[in-house]
Amino acid sequence: MNYNAHFRCFRGCPGQHSIYDVIYTCPICGGLLEVHHEVDALRQRSAAAWINLLTRRVGTNQWPYGSGVWNMKEWIIPDLADENVVSMYEGNSNLFWAERLGQQIGVPDLWVKLCGNSHTGSFKDLGMTVLVSVVKQMMVQGSPVRAVACASTGDTSAALAAYAAAAGIPAVVFLPRNKVSHAQLIQPIANGAHVLALDTDFDGCMGIVKELTQDNSLYLANSMNSLRIEGQKTVGIEIVRQFDWEVPDWIIMPVGNLGNISALYKGLKLLQDLGIIDKMPRLVAAQAAKANPLFLSYESDFREKVAIRAQNTLASAIQIGNPVSYEKAVAALRATNGIVAQATEHELANAAALADRTGMYTCPHTAVALAVLFQLVDKGLIGANDRTVVISTAHGLKFTRFKTGYHEGTLNEVESQYANPPLELPADVAQVRAALARKLDVVRSA
Ligand SMILES: *Cc1c(COP(=O)(O)O)cnc(C)c1O
Ligand SMILES: [Zn+2]
């Protein structure tokens, strides 16, 4: 079967463009593009046959179908040559049953999709495998592209640098100076990318990279490039597969530039179009109160896009004031009876600590989503029987300073309700026993 995918204008202007052309926006209206799949062709295969195919491929060694992204290759970039796929077996991340946390908040059917358990420690790997694979094929076919580039709040640059290095393609990353974590800064440095730290914020870096990539030799790897969305859309499909093809009631995720929530919806919509699911979850976009343009726009019923200057937040990867994928995200939220909510620094930091006490290791962005979950449960919007998924977007190990600051009680605007500082003691059995007896009943009897 010959499946087909092209770029088309997201707003519906006429015309289509090859996936392998250097083009990021609609030449007619200037809006975002999307990768369009011929659904009629895909529907020639039954829902049951698709389910069968995907289930058979999960975790296989047959290149490249073992990847959580490329096991759906026909739905992503059908005509990409297998030998040009640049994959690190991304996806297939754990859908963690948050049993203890769920019990504590009265939502026992609570799940956390651990997208940070991935090669570079964030969900950005899902989109980057697609973009870098397409670039590799373009370069093989003689395209003018010589290098890839992105602006980043830290995770996009880490993913781009790793995948580009694996493919042998030069990468240039633009970071807002002192606004990404230490781990995030060192990732692209280690992978040999050209790392430029600019005296501005993410939105400032984005403006500069957009200018520089006007030149076709430098290919833009931000999520305004809809190739990224194709890979990221697999997360919702994978969640549904992990529930044996059942749809949860709610999916909550932290949002910044709004690519990921657009992607989540696009994947679920494809499942619906193919007859694999027959309902949609309600989507919840969680923002940091310090960087909340989508929340402000939601408050006025999305009448117009709001752009602000984002303030510093612990959730640095979503510190974005002018989100690129605004229109796509609004469409996703409207189609799913979605909600936008925000969390303060205090709320997010304590939400992370509470979750960590049940075995997770929560990054500050995932914490924003958890804090919003707690709010919606308090308001009675999320009920005791609702199957609820929180998308964890990055690994907590990238954010050691956040964790340390929390447990030391030194974070701005945060009162650490679950601080757990280490006990510093002399190496003396009696004193150690006495200290433990104060902490644990069990030692008292010893
Ligand atoms: C990129 C990122 C987000 C936000 O995704 P958008 O597509 O920009 O909305 C959330 N959390 C983490 C950890 C990220 O790296
Ligand atoms: Zn258009």
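What you are looking at is a predicted structure, and each value in this text was computed from that prediction instead of being measured.
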Point-to-point distance, once rounded to the nearest 0.5 Å, from [atom1] of [X] to [atom2] of [Y]:
X	Y	atom1	atom2	answer
Leu54	Asn71	CG	CG	5.0 Å
Leu348	Leu370	CG	CG	10.0 Å
Met72	Leu271	CE	CG	8.0 Å
Met128	Leu126	CE	CG	11.0 Å
Leu270	Lys233	CG	NZ	5.0 Å
Leu264	Phe123	CG	CZ	10.5 Å

Under 3.5 Å, is there a donor-acceptor pair between the side chain of [X] and the main chain of [Y]?
X	Y	value
Asp356	Thr362	yes
Glu246	Val240	no
Thr388	Asp386	yes
His407	Pro421	no
Asn350	Gln417	yes
His346	Glu415	yes
Gln137	Ala81	yes
Lys73	Leu80	yes
Trp63	Asp82	yes
Arg228	Ala221	yes

The criterion is salt bridge (Lys or Arg N to Asp or Glu O under 4.0 Å); which residues satisfy it with Asp203, sequence neighbours excluded?
none
A side-chain contact here means heavy atoms from C-beta on lying under 4.5 Å apart; do [X] and [Y] qualify?
X	Y	result
Glu34	Ile229	no
Ile237	Ile276	no
Met224	Lys210	yes
Leu110	Val390	yes
Ile252	Ile391	no
Ile261	Leu333	yes
Leu423	Lys439	yes

State yes or no: are the ring centers of Tyr406 and Phe402 separated by less than 6.0 Å?
no
Would you say the ring centroid of Phe399 lies under 6.0 angstrom from that of Tyr361?
no
Among [options], which one satisfies side chain to side chain donor-acceptor pair (under 3.5 Å) with [X]?
X	options	answer
Asn312	Glu345, Gln319, Lys290	Gln319
Tyr163	Lys136, Lys124, Glu90	Glu90
Gln184	Asp155, Thr153, Thr120	Asp155

Heavy-atom count around Trp97 CH2 within 6.0 Å, excluding the residue itself: above 12?
no
State whether the number of non-hydrogen atoms from other residues, nucleotides or ligands found under 6.0 Å of Gln141 atom CD is greater than 12.
yes
Worked check of side-chain hydrogen bond (donor to acceptor under 3.5 Å, both in side chains) between Gln342 and Glu347:
CA-CA 10 Å; Gln342 60 177 358; Glu347 287 176 303; over 6 Å; no
So that I can tick it off, tell me whether [Y] and [X] are bridged by a salt bridge, with the cut-off set at under 4.0 angstrom between side-chain N and carboxylate O.
X	Y	value
Lys113	Glu238	yes
Lys266	Glu230	yes
Arg57	Glu74	yes

Could you give me the CA-CA distance, side-chain angles and deciding distance for Leu101 and Phe374, then say whether side-chain contact (heavy atoms from CB on, under 4.5 Å) is met?
CA-CA 11 Å; Leu101 184 64; Phe374 300 166; 4.2 Å; yes
For residues 64-92, which residue pairs qualify under ring pair (Phe, Tyr, Trp, His ring centres under 6.0 Å), counting only residues two or more places apart or in two chains?
Trp50-Trp75
Please report the shortest heavy-atom distance between Ala291 and Ala310, naming the atom on each side.
CB-CB, 3.8 Å
Asn257 and Asn322 have their tightest heavy-atom pair at OD1-O, 4.0 Å
Working note: Thr213 + Tyr24, criterion side-chain hydrogen bond (donor to acceptor under 3.5 Å, both in side chains); need CA distance, chi angles, decisive distance, verdict.
CA-CA 10 Å; Thr213 52; Tyr24 314 113; 5.1 Å; no
Tell me whether the guanidinium CZ or amine NZ of Arg387 lies under 6.0 angstrom from the six-membered ring centre of Phe243 and within 45° of its axis.
yes
Decide whether a cation-pi geometry holds between Lys179 and Phe202; the criteria are a distance under 6.0 Å from NZ or CZ to the six-membered ring centre and an angle within 45° of the ring axis.
no
When you look at Gln272 and Lys279, which way does the side-chain hydrogen bond (donor to acceptor under 3.5 Å, both in side chains) test go after all the steps?
CA-CA 7 Å; Gln272 196 173 41; Lys279 67 161 200 171; over 6 Å; no
